[in-house]
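Okay, structure first, notes after.
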2 protein chains.
Amino acid sequence: MTHHRMRWEERLWATGHRVTRQRSLILDAVCAGEGHTPLGEIYARVRRADRSIDRSTVYRALRLFVEVGLVVAADTGSGETSYEIKKPRPHHHLVCRGCGGEQEIGDDATAAMFDEVRRRHGFEIATDHLVLFGLCEACRCRAGP
Amino acid sequence: MTHHRMRWEERLWATGHRVTRQRSLILDAVCAGEGHTPLGEIYARVRRADRSIDRSTVYRALRLFVEVGLVVAADTGSGETSYEIKKPRPHHHLVCRGCGGEQEIGDDATAAMFDEVRRRHGFEIATDHLVLFGLCEACRCRAGP
DNA sequence: GTTGATGCAAATCATTTGCATATTC
DNA sequence: GAATATGCAAATGATTTGCATCAAC
């Protein structure tokens, strides 16, 4: 994702980290495909580009990317953590327990809720990436009432 | 929690499982204290009552309790899963990233949001126990804008 | 040339599983 | 007495870490 290249190099630079070939490949792997990508899949993509990159390097790079705000992490309940490039607008994910499908939703519905929680409890929710489980329309129909 | 005893024994019974001394102690340990309890703490409480109970028994019992709807599990992001006795009204938790404090909130705010998601995306959220991270009032003031 | 990043191997941590024995129904 | 639950020990799977070497600045 060439259009990110400038930005992320600057960001690493600004936070006192180095720009390396492996970090570049790992960030590319996060961007390839859509939405979340579980770590295992990111690792697989990276290995396709370079066999010699180690898992620990992938873990370290992802942790760094999250730390400097280039990437968001999400626990999809699948055992392994998923990652996604950080987008300007926060959004959330719906994961269907029936078919395993995922869909992305904007932050409108949640923003209202977050506001109400702040008003009522004085608590500022900072979860920029919510993963909500349930049943999608298709699976609901299939399941019946 | 004597008032639960009848109910949970019946529930296990009804689902074809057995009532054992260890399960009783483990459920007591879930109920002792307030709100969530991480597995490690549950295990510690159980061991205080009976040194011979194994971790695997605790894991198996908790999985069963969740399965039959006596207990809810929550991932608090601490690495280990937390558990709480299932209450009649669903509720959610706010976890402060500043001080680590937790507070419980009702499901009013989220219910509205869940409705909206159903209306707009046809998706029925089934998360009965949300853990939301952010900053509590005290920590927000301390942190400034 | 320094300092930070990588690859490798081994460690850690939460959770699960196989199996012989003990317990509940 | 038959079926299920337990304790024990060993396995699993995700993630982390120590350390010598290598690459970025």
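Proteins get letters first, then strands, A, B, ... in listed order; numbering begins at 1 in each.
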- Message: For residues A:I42 and A:I85: do they belong to one hydrophobic cluster (side chain heavy atoms under 4.5 Å, members Ile, Leu, Val, Met, Phe, Trp, Tyr)?
- Response: yes

- Item | Side-chain N,O (A:Q22) to OP1/OP2 (C:dG7) below 4.0 Å | yes

- In whole angstroms, how far is the C1' atom of D:dC25 from the CD atom of A:E10? 17 Å

- Item | Side-chain donor-acceptor pair present, A:E84, A:H93, cut-off under 3.5 Å | yes

- If we ignore angles and hydrogens, is there a donor and acceptor under 3.5 Å between the side chains of A:Y43 and A:R47? yes

- Should A:E41 and A:R45 count as an ion pair when the cut-off is N to O under 4.0 Å? yes

- Query: Between A:L27 (CG) and C:dA5 (P), how many Å, whole number?
  - Reply: 15 Å

- Item | Proximity to the side chain of B:R18 - top-ranked nucleotide from C:dT16, D:dA5, C:dA5 | D:dA5

- Message: Rounded to whole Å, please give me the gap between CG in B:L64 and P in C:dT16.
- Response: 13 Å

- Query: Starting at CD of A:E67 and ending at P of D:dT16, how long is that distance when rounded to a whole Å?
  - Reply: 12 Å

- Message: Can you list, in residue-number order, the parts of residues 35-61 of chain A that come under 4.0 Å of DNA chain D, counting heavy atoms only?
- Response: A:S56, A:Y59, A:R60

- Message: Whole angstroms only, please: what is the CG-C1' distance between B:L62 and D:dA5?
- Response: 15 Å

- Whole-Å distance between C:dG7 P and A:L25 CG? 10 Å

- Ion pair check, A:K87 and A:E104, cut-off under 4.0 Å: yes

- Message: Could you tell me if the side chain of A:D75 sits less than 4.5 Å from the side chain of A:V131, heavy atoms only?
- Response: no

- Message: Less than 4.0 angstrom between a side-chain N/O of A:H17 and OP1 or OP2 of C:dA5, yes or no?
- Response: yes

- Quick one: bend of the helix from C:dG1-D:dC25 to C:dC25-D:dG1 from 5 pairs per end, to 10°? 40°

- Test item: A:V30 and A:T37 side chains (from C-beta on) under 4.5 Å apart, heavy atoms: no

- Task: Please report the C-alpha distance between B:H129 and B:H92 in whole Å, then the side-chain angles of each, then the deciding distance to 0.1 Å, and finally whether the ring-ring contact (aromatic ring centres under 6.0 Å, His included) criterion is met.
- Result: CA-CA 5 Å; B:H129 216 188; B:H92 308 283; 7.2 Å; no

- Task: Please confirm whether any donor atom in the side chain of B:R21 sits under 3.5 Å from an acceptor in the base of C:dT23, or the reverse.
- Result: no

- Query: Roughly, in whole Å, what's the span from CD in B:E80 to P in C:dT15?
  - Reply: 6 Å

- Query: Would one find a side-chain N or O of B:T81 under 4.0 angstrom from OP1 or OP2 of C:dA14?
  - Reply: no

- Query: Can you find a side-chain donor-acceptor pair between A:R11 and A:T15 that sits under 3.5 Å?
  - Reply: no

- Query: Could you state the CG-P distance from B:L12 to D:dT4, rounded to the nearest angstrom?
  - Reply: 14 Å

